[in-house]
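Notes follow the structure.
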Amino acid sequence: MTPLKIGACLKAAEIADHRDWLFDADRDIEIQDFMSHAALTTEYEDRIAAVRAALDGHTGRVGIHGPFEGLDIDNKDPVLQPLITARLLKALEAADRIGARQMVLHSPYTLWFQNNVFSWKGYAEAKLDRIHATLRPVVEAAEAAGQTLVIENIQDVRPETRRAMVDSFNSNAIALSIDTGHAQLARRMSGAPPVEDFVRDAGDQLAHVHLQDVDGHADRHWAPGEGEIEWTAVFRALGACSTAPHLVLELRDKMDIPKGFKALQDLGLAV
């Protein structure tokens with residue numbers, strides 16, 4: 001199995017702590033400065049300037065994590081849908097201005113959906129229509145800018161449900177993201193498939209992966225090796241991908257990035 005190059009998720013102010021590791025190997029970086037209301041309004045220009053300064057000299061791939069709190073892309077209120085669209089478009093503009101080609105958004109699919117999908121006629125179709133109403137303008141803007149939206153599993157139980165949603169847009173500007181910790185939690189809490197099966201199901205649609213470990217109880221964002229994820233199986237599945245997804249450590253304690261990298265490196269999985 002060929003080891004894969006991995007990077008990390010960081011805010012601009014945290015990049016300096018890992019600069020040599022990131023910059024010398026042109027590692028993937030996911031910027032996490034544009035998720036809040038303030039970041040996309042009153043602090044917008046300052047944050048763009050700070051990120052551009054922090055990334056100066058980096059020649060690897062860059063993405064951002066888009067905003068998500070209170071911004072459900074399946075919002076049922078037609079008055080609120082355009083507000084959510086506008087916020088996502090503002091984040092996509094920020095991504096473009098810092099040179100990022102990806103933006104992570106959260107999936108709207110849950111165990112509740114999977115258990116109720118056959119309870120009402122047209123339930124799944126109505127949900128998909130709402131998602132398109134909110135997200136279609138963002139997908140079109142991403143197409144025009146040469147960017148890609150990547151939809152991250154949050155409470156998803158069936159990976160094929162989210163994949164079908166992405167496929168429904170029939171666009172190269174929307175693809176799949178997998179958060180390994182979220183997938184493992186869904187396995188323990190809701191009977192979802194193993195993490196490696198999320199990867200295999202994504203196939204050519206996989207463009208981005210959050211690497212984090214959990215104990216099966218909560219969303220810990222621990223370094224790989226501290227939880228229960230079967231990393232060799234996950235990386236075997238990643239190695240079979242024909243795409244080259246962004247692979248980034250998303251850890252709660254950013255000073256654990258070297259430890260998480262070493263754990264994967266010692267297993268012969270990462271470089």
Side-chain angles (χ1 to χ4, degrees), residues 35-37 65-88 91 103-139 149-170 174-203 205-210 212-222 227-229 234 250 252:
M35 294 187 283
S36 69
H37 172 264
H65 198 305
F68 60 90
E69 291 186 338
L71 302 175
D72 184 3
I73 62 173
D74 176 34
N75 195 294
K76 295 180 179 181
D77 191 325
V79 175
L80 297 180
Q81 286 171 355
L83 300 178
I84 295 170
T85 300
R87 188 56 51 83
L88 299 181
M103 183 167 79
V104 180
L105 299 179
H106 282 187
S107 169
Y109 288 100
T110 64
L111 178 61
W112 177 274
F113 170 83
Q114 294 296 159
N115 286 353
N116 284 279
V117 69
F118 299 114
S119 294
W120 295 278
K121 185 178 180 179
Y123 185 65
E125 292 80 4
K127 185 180 184 75
L128 190 58
D129 286 346
R130 292 191 299 269
I131 293 168
H132 273 255
T134 299
L135 209 54
R136 172 57 70 183
V138 190
V139 172
L149 309 177
V150 290
I151 310 301
E152 174 188 0
N153 59 305
I154 305 300
Q155 299 183 53
D156 301 67
V157 179
R158 300 301 311 175
E160 65 269 29
T161 300
R162 183 169 43 99
R163 173 169 49 81
M165 183 270 278
V166 166
D167 287 343
S168 74
F169 283 88
N170 193 30
I174 183 168
L176 289 168
S177 164
I178 292 171
D179 184 297
T180 57
H182 297 169
Q184 182 70 8
L185 281 177
R187 179 185 183 186
R188 294 300 187 199
M189 297 169 66
S190 307
V195 181
E196 65 174 302
D197 288 356
F198 273 74
V199 176
R200 295 191 189 282
D201 177 81
Q205 285 279 26
L206 186 61
H208 172 274
V209 180
H210 279 152
Q212 59 126 336
D213 216 339
V214 296
D215 57 0
H217 177 73
D219 192 20
R220 304 298 189 187
H221 287 268
W222 286 340
E228 63 178 21
I229 291 177
V234 172
E250 190 185 39
R252 184 165 299 173

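Here the straight-line distance linking atom CZ of Arg158 with atom CG of Asp156 works out to 11.0 Å at 0.5 Å rounding. A distance of 8.0 Å separates CD of Gln184 from CG of Asp213, quoted to the nearest 0.5 Å. With values rounded to the nearest 0.5 angstrom, Arg252 atom CZ is found 6.5 Å from Asp219 atom CG. Rounding to the nearest 0.5 Å places CZ of Arg130 at 4.0 Å from CG of Asp74. Of the inter-residue distances, the one linking Arg187 atom CZ with Ile229 atom CD1 reads 9.5 Å to the nearest 0.5 angstrom. Note that the CD1 atom of Ile73 and the CD1 atom of Ile131 stand 5.0 Å from one another [nearest 0.5 Å].
The two residues Pro108 and Asp72 come nearest to each other via the heavy atoms CB-OD1, 3.7 Å. Between Ser177 and Arg162 the shortest heavy-atom distance is O-NH1, 2.7 Å. Residues Ser107 and Ile154 approach most closely at N-CG1, 4.0 Å, considering heavy atoms. The minimum heavy-atom distance between Asn153 and Ala183, with the atom names listed, is ND2-N, 3.3 Å. Of all non-hydrogen atoms in Pro67 and Leu71, the two that sit nearest each other are CB-CD1, 3.6 Å. When all heavy atoms of Gly216 and Arg188 are compared, the closest pair comes out as O-CB, 3.5 Å.
Arg87 meets the salt bridge (Lys or Arg N to Asp or Glu O under 4.0 Å) test with no other residue; sequence neighbours excluded.
Between the side chain of Thr134 and the main chain of Thr85, no donor-acceptor pair closer than 3.5 Å is present. The backbone N or O of Asn75 lies less than 3.5 Å from a partner atom in the side chain of Gln81, making a donor-acceptor pair.
When the shell of 6.0 Å around CG of Asp77 is examined, it contains more than 12 heavy atoms from other residues, nucleotides or ligands.
Proximity of Leu135 to Leu105: side-chain heavy atoms (C-beta onward) are separated by under 4.5 Å at one or more points. Side-chain contact check for Met165 versus Thr161: every heavy-atom pair is 4.5 Å or farther apart. Side chains of Leu111 and Met189 form no contact here, defined as non-hydrogen atoms less than 4.5 Å apart. The closest side-chain heavy-atom distance from Trp112 to Gln155 is not below 4.5 Å. Contact annotation: the side chain of Gln212 approaches that of Val214 to within less than 4.5 Å [non-hydrogen atoms, C-beta and beyond].
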Which atom pairs, one a donor and one an acceptor, fall under 3.5 Å between side chains of residues 193-200 and the rest of the protein, sequence neighbours left out?
none

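Ring pair Trp120/Tyr123 is tilted by interplanar angle, where 30° to 60° counts as tilted. Classified by interplanar angle (parallel below 30°, tilted 30° to 60°, perpendicular above 60°), the ring pair His106/His65 is perpendicular.
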For the pair Leu206 and Arg163, evaluate side chain to side chain contact (heavy atoms under 4.5 Å, CB included) and give the outcome as yes or no after the intermediate values. CA-CA 9 Å; Leu206 186 61; Arg163 173 169 49 81; over 6 Å; no

